[in-house]
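Below: one structure, written as structure tokens.
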Amino acid sequence: MNKRTLTIIAILLALLFIGALVWGVTTKSKLEASYGEKSEEAEQLTLLRDNLMRSVDSLDRAFREVSGENAELQGQLTEAQETAKRALYDMRQAQQSRKNDNDVAYKMRLQIEDLINVRTMLETSIVELTEENEDLRKRNVVLRQDLSTAKTEAYEATKQVDNLSRMNESMEADLERMTLGAFKATAIQVDLLRKNGSNTANASRARRISVSFDLTDVPAEYLGVRPIYLVLTDASATPVISENPVRATSIVNGAEKPLIALEGRDVNLERNQRISFTHELDDKLAEGFYRAEIYTDVGMLGSAKVQLR
């Protein structure tokens, strides 16, 4: 191989390596502009640039010494080829590094988006729970107020029941004192009836009242024809008044007692007998306790309670 040929080859190699250098420098500039923050990649490009510069310098010296031996040029050619291979390898590594960095950045963006969504959900849940807690606090205040009111009402109701119980006991004692001793009604039965005649405890369905009782061992002085009256009173001892009430007078504890009876009739009293009253109610009775009282002209014979619900 003559010197001219070697010179041409050297010039071509120089152009090749200069082009590679320019391509490397240009690529490095682009990479530095796009990924300036990636210091590792910049170091790799810098190393590549330095290697290329050193290679170009070596080739330049080789071209100036082109008159040297072919073996020396061949060695320089081989070194240049190796340098080109290393430059290509380094460039591919740099491109692969950039691809890996892009993948990591994409995955990080996905994770950040997921975290933002989770944070939004948590913030929404916190707001909803705060509103629910506030509503529960308000309801709790209302419930406490209602409970206090209910306790007060229960206490008042208990007092009323106690008062009614004491009043009832007092009335029972008074009624017992008002009876005529040996001359009194026993086995008193009070029934509230529906229209069909069946028993009921439902205030809205009661249409008539049936009262029956026994008179046994009636003293001789009370035998014969006497008036018997049926009086119905509520829990406050107020008489239940029909459209045509029977007004009469009885002697109770030595004093006259005016009566407003549902019914009254003359009965021929015998020593032992059972007497019954059945009265059609003019108005519906309210819920509560009622007392059926049996009177004659000389006093009270007895009484019995019944409850409507």
Side-chain angles (χ1 to χ4, degrees), residues 167-203 205-286 288-308:
M167 183 185 300
N168 187 54
E169 292 174 357
S170 177
M171 290 176 63
E172 292 284 356
D174 291 341
L175 290 172
E176 183 64 26
R177 288 193 299 270
M178 290 167 61
T179 58
L180 298 175
F183 181 28
K184 64 181 179 180
T186 59
I188 302 174
Q189 181 175 345
V190 182
D191 295 310
L192 278 302
L193 308 176
R194 295 185 178 93
K195 287 183 179 180
N196 61 10
S198 60
N199 289 349
T200 183
N202 191 322
R205 297 185 178 181
R207 293 295 180 269
R208 65 174 67 94
I209 181 171
S210 174
V211 180
S212 59
F213 56 92
D214 290 334
L215 292 176
T216 58
D217 296 328
V218 178
E221 64 268 27
Y222 297 122
L223 296 177
V225 178
R226 285 188 177 278
I228 303 296
Y229 304 104
L230 170 62
V231 177
L232 184 65
T233 62
D234 60 17
S236 62
T238 301
V240 175
I241 301 175
S242 63
E243 292 183 357
N244 298 303
V246 177
R247 298 184 181 274
T249 302
S250 178
I251 303 299
V252 178
N253 293 331
E256 290 187 353
K257 175 180 175 63
L259 304 177
I260 302 177
L262 294 178
E263 286 194 18
R265 66 172 180 263
D266 292 333
V267 179
N268 186 18
L269 298 183
E270 301 174 359
R271 183 136 178 104
N272 299 292
Q273 66 188 122
R274 187 164 184 82
I275 300 174
S276 297
F277 284 93
T278 300
H279 180 79
E280 297 289 336
L281 298 171
D282 297 323
D283 298 312
K284 293 181 181 179
L285 298 177
F289 286 95
Y290 292 87
R291 182 182 296 276
E293 300 173 353
I294 311 301
Y295 289 88
T296 184
D297 57 337
V298 293
M300 182 178 187
L301 299 178
S303 65
K305 288 191 300 184
V306 67
Q307 182 183 10
L308 286 175

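Considering CG of N199 and CG of L193, their distance stands at 5.5 Å, rounded to 0.5 Å. Taken to the nearest 0.5 Å, the CD1 atom of I251 stands 11.0 Å off from the OG1 atom of T296. The CG atom of L230 sits 11.0 Å away from atom CG of L259, with the distance rounded to the nearest 0.5 Å. Taking CG of D283 as the start and CD of E243 as the end, the distance is 6.5 Å to the nearest 0.5 Å. The CD atom of Q307 lies 11.0 Å from the CG atom of L192; values are rounded to the nearest 0.5 Å.
Here the side chains of R207 and L281 are not in contact, with every heavy-atom distance at 4.5 Å or above. When side chains are defined from C-beta on, H279 does not count as touching L232, because their heavy atoms never get closer than 4.5 Å. Contact of the L269 side chain with the I275 side chain is registered, since non-hydrogen atoms from C-beta on lie closer than 4.5 Å. I228 places a side-chain heavy atom less than 4.5 Å from the side chain of F213. Counting heavy atoms from C-beta on, the side chains of F183 and E221 never come closer than 4.5 Å. No side-chain heavy atom of M300 sits under 4.5 Å from any side-chain heavy atom of S250. Residues L262 and V246 form no side-chain contact, since every pair of their non-hydrogen atoms from C-beta on lies 4.5 Å or further apart.
A distance-only check finds no donor-acceptor pair linking the side chain of R194 to the backbone of N202 [under 3.5 Å]. A distance-only check finds no donor-acceptor pair linking the side chain of R291 to the backbone of V306 [under 3.5 Å]. Looking at N272, its side chain does come within 3.5 Å of a backbone N or O of D217 through a donor-acceptor pair.
Remark: E256 CD is loosely packed, at most 12 non-hydrogen atoms of other residues, nucleotides or ligands lying under 6.0 Å away. The neighbour count for N244 CG, taken as heavy atoms of other residues, nucleotides or ligands under 6.0 Å away, does not exceed 12.
Using a 3.5 Å distance cut-off with no hydrogens or angles, the side chains of N196 and S198 do pair a donor with an acceptor. Inspection of the R208 and T278 side chains reveals no N or O donor paired with an N or O acceptor under 3.5 Å.
V240 pairs in a side-chain contact (heavy atoms from CB on, under 4.5 Å) with only one of the listed residues (L285, I260, T233), which is L285.
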| Is there a side chain to side chain donor-acceptor pair (under 3.5 Å) between S236 and D234 once you walk through the steps? | CA-CA 5 Å; S236 62; D234 60 17; 2.8 Å; yes
